[in-house]
Amino acid sequence: MDTITLAWSGSINQRQVVKTALSMGTKYAGTNPNYYRGTKAYASSEKLKIGNYYFYFGWNPRYRLMDDFTLTTHLSAYKSWSDFIDLIYVLFLGEDVIGTAKIKRLDLAVDIAIPYIEVFKSLQRTNTKRVSEFSSKSRTTYFGNRPDEVAMYEKDLYPNEVDLWHQDAEWTEEGKVPCVRFEARKFNKRIPIKSLEDVSRLWSYQPYTKIQFRKPLEGVIQPHPKRTTSILESFMYRVQLFGFDTVRKEENAKGDFEKRIGKHLGPLNIDLQQAWMNRLERFGLPKPITLSDMPQNPISEPVSEVYSALQS
């Protein structure tokens with residue numbers, strides 16, 4: 001998981017939360033990835049860095065239907081889910097606000113150890129009307145639109161940060177691994193959970209069902225007539241330049257893609273669901289409670305160690 005935006009209405013002392021954050025960190029002059037578009041949505045906002053974590057706060061909404069207070073941070077920066085929850089308790093001075101927080105944005109991310117070009121020339125997303133690509137410090141491709149969008153971009157990571165290894169994985173001179181991050185970006189009603197209390201439900205969720213990977217079958221060029229070979233060679237050349245999904249749609253406009261080209265393609269073995277399971281396990285996300293997990297004589301609910309320390 002990566003970017004998460006939490007929102008509250010009423011019952012939250014926004015200024016006290018921001019004051020606590022300011023006492024722990026420093027102001028940050030970066031861009032604002034808040035759930036709400038534009039920096040003018042809230043009359044008051046603050047960007048802070050606390051340790052290695054970045055926080056974006058917004059309060060005093062300019063529009064009546066907006067939430068009173070929002071907090072955005074990047075979960076991928078935390079070592080574990082419990083680290084994130086503990087820091088939330090600290091920011092809210094031990095107040096239990098987990099149950100009242102509404103999730104407004106949630107990015108479900110995994111990192112695959114494979115060169116970007118191998119994915120770029122093979123990824124297909126079903127029912128996608130928009131595909132766009134741009135380059136800045138890293139190449140990025142977007143599939144679909146908000147509130148259901150998938151972003152794919154390259155990122156160099158240390159081996160212990162990789163969720164799934166592919167046979168085509170490479171290494172950099174610095175000992176890092178070139179990876180492709182897949183982010184299923186969910187907003188509003190497309191978010192699979194409504195609150196932090198439901199987070200264990202993500203174990204049964206499948207974020208990447210619309211994504212598949214296709215590549216030419218081994219030896220597919222040689223056995224075919226010259227015209228078929230020419231069509232396949234042209235397709236393979238263009239997907240490296242413009243991406244599989246873009247070229248597929250162009251070919252569909254000319255005729256039946258599956259009949260002309262698709263039948264010569266096979267799967268590229270990338271199990272995104274397994275990568276998702278590995279990510280949740282590595283991040284220590286709470287698992288659903290089963291009957292065997294329940295104590296026979298429960299006395300009270302467990303309390304966060306941070307919360308207990310603050311109370312004492």
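The shown structure was predicted, so the numbers you read here are calculated from the model rather than taken from an experiment. We count residues from 1, following the sequence as given.
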Let me check something: do [X] and [Y] share a hydrophobic cluster, defined by ILVMFWY side-chain heavy atoms less than 4.5 Å apart, either directly or through other members?
| X | Y | value |
| --- | --- | --- |
| Ile270 | Leu157 | no |
| Val97 | Ile193 | yes |
| Leu91 | Trp8 | yes |
| Phe92 | Trp81 | yes |
| Tyr153 | Val150 | no |

Hey, what do you get for [atom1] ([X]) to [atom2] ([Y]), rounding to the nearest 0.5 Å?
| X | Y | atom1 | atom2 | result |
| --- | --- | --- | --- | --- |
| Ile211 | Met152 | CD1 | CE | 9.0 Å |
| Leu75 | Ile4 | CG | CD1 | 5.0 Å |
| Asp156 | Glu154 | CG | CD | 7.5 Å |
| Thr73 | Phe57 | OG1 | CZ | 8.5 Å |
| Thr72 | Tyr54 | OG1 | OH | 15.5 Å |
| Phe69 | Ser9 | CZ | OG | 12.0 Å |

Under the salt bridge (charged side-chain N to carboxylate O under 4.0 Å, His left out) definition, can you give me all pairs with a residue in residues 191-201, not counting sequence neighbours? none

Using side chain to side chain contact (heavy atoms under 4.5 Å, CB included), reason through Leu272 and Val110 one step at a time and then give a plain yes or no. CA-CA 8 Å; Leu272 289 179; Val110 293; 4.2 Å; yes

Would you say the side-chain atoms of [X] pair up with the backbone N or O of [Y], donor to acceptor, closer than 3.5 Å?
| X | Y | answer |
| --- | --- | --- |
| Trp203 | Pro286 | yes |
| Asn60 | Tyr42 | no |
| Glu161 | Tyr158 | yes |
| Ser80 | Phe283 | no |
| Arg105 | Arg185 | no |
| Asn278 | Asp163 | yes |

Between Leu87 and Met24, is the side chain to side chain contact (heavy atoms under 4.5 Å, CB included) condition met? List the steps. CA-CA 11 Å; Leu87 189 49; Met24 298 171 59; 3.8 Å; yes

Validation row: [X], [Y] side chains within 4.5 angstrom (heavy atoms):
| X | Y | result |
| --- | --- | --- |
| Lys104 | Thr70 | no |
| Ile112 | Cys179 | no |
| Ile88 | Ile98 | yes |
| Leu108 | Pro192 | yes |
| Asp111 | Arg279 | yes |
| Ser200 | Pro288 | yes |
| Ser76 | Arg181 | yes |
| Thr5 | Phe187 | no |

Assess whether atom [atom1] of [X] is packed by more than 12 heavy atoms of other residues, nucleotides or ligands within 6.0 Å.
| X | atom1 | result |
| --- | --- | --- |
| Arg15 | CZ | no |
| Tyr205 | OH | yes |
| Asn160 | CG | yes |

Heavy atoms only: give me the nearest [X]-[Y] pair and the separation to one decimal.
| X | Y | result |
| --- | --- | --- |
| Ala169 | Ala113 | CB-O, 3.4 Å |
| Gly175 | Pro159 | O-CD, 3.9 Å |
| Ala184 | Pro207 | CB-O, 4.0 Å |
| Asn52 | Lys49 | CA-CE, 4.4 Å |

Is the shortest distance from a Lys or Arg side-chain nitrogen in Lys102 or Asp67 to a carboxylate oxygen in the other one below 4.0 Å? yes

Closer than 4.0 angstrom, basic N to acidic O: yes or no for Lys19 and Glu46? no

Parallel, tilted or perpendicular: which fits the ring planes of [X] and [Y], with parallel below 30° and perpendicular above 60°?
| X | Y | result |
| --- | --- | --- |
| Tyr56 | His74 | perpendicular |
| Tyr116 | Phe120 | parallel |
| Tyr78 | Tyr53 | parallel |

Check which hydrophobic residues are tied to Val177 through side-chain heavy-atom contacts below 4.5 Å, counting indirect links as well, and list them. Val162, Trp165, Trp171

Would Lys287 and Glu281 count as a side chain to side chain contact (heavy atoms under 4.5 Å, CB included) here? Give the steps. CA-CA 9 Å; Lys287 294 183 177 181; Glu281 187 72 43; 3.2 Å; yes

Just do the side chain to side chain contact (heavy atoms under 4.5 Å, CB included) check on Val119 and Phe182 with the steps written out, would you? CA-CA 10 Å; Val119 176; Phe182 296 90; 3.6 Å; yes

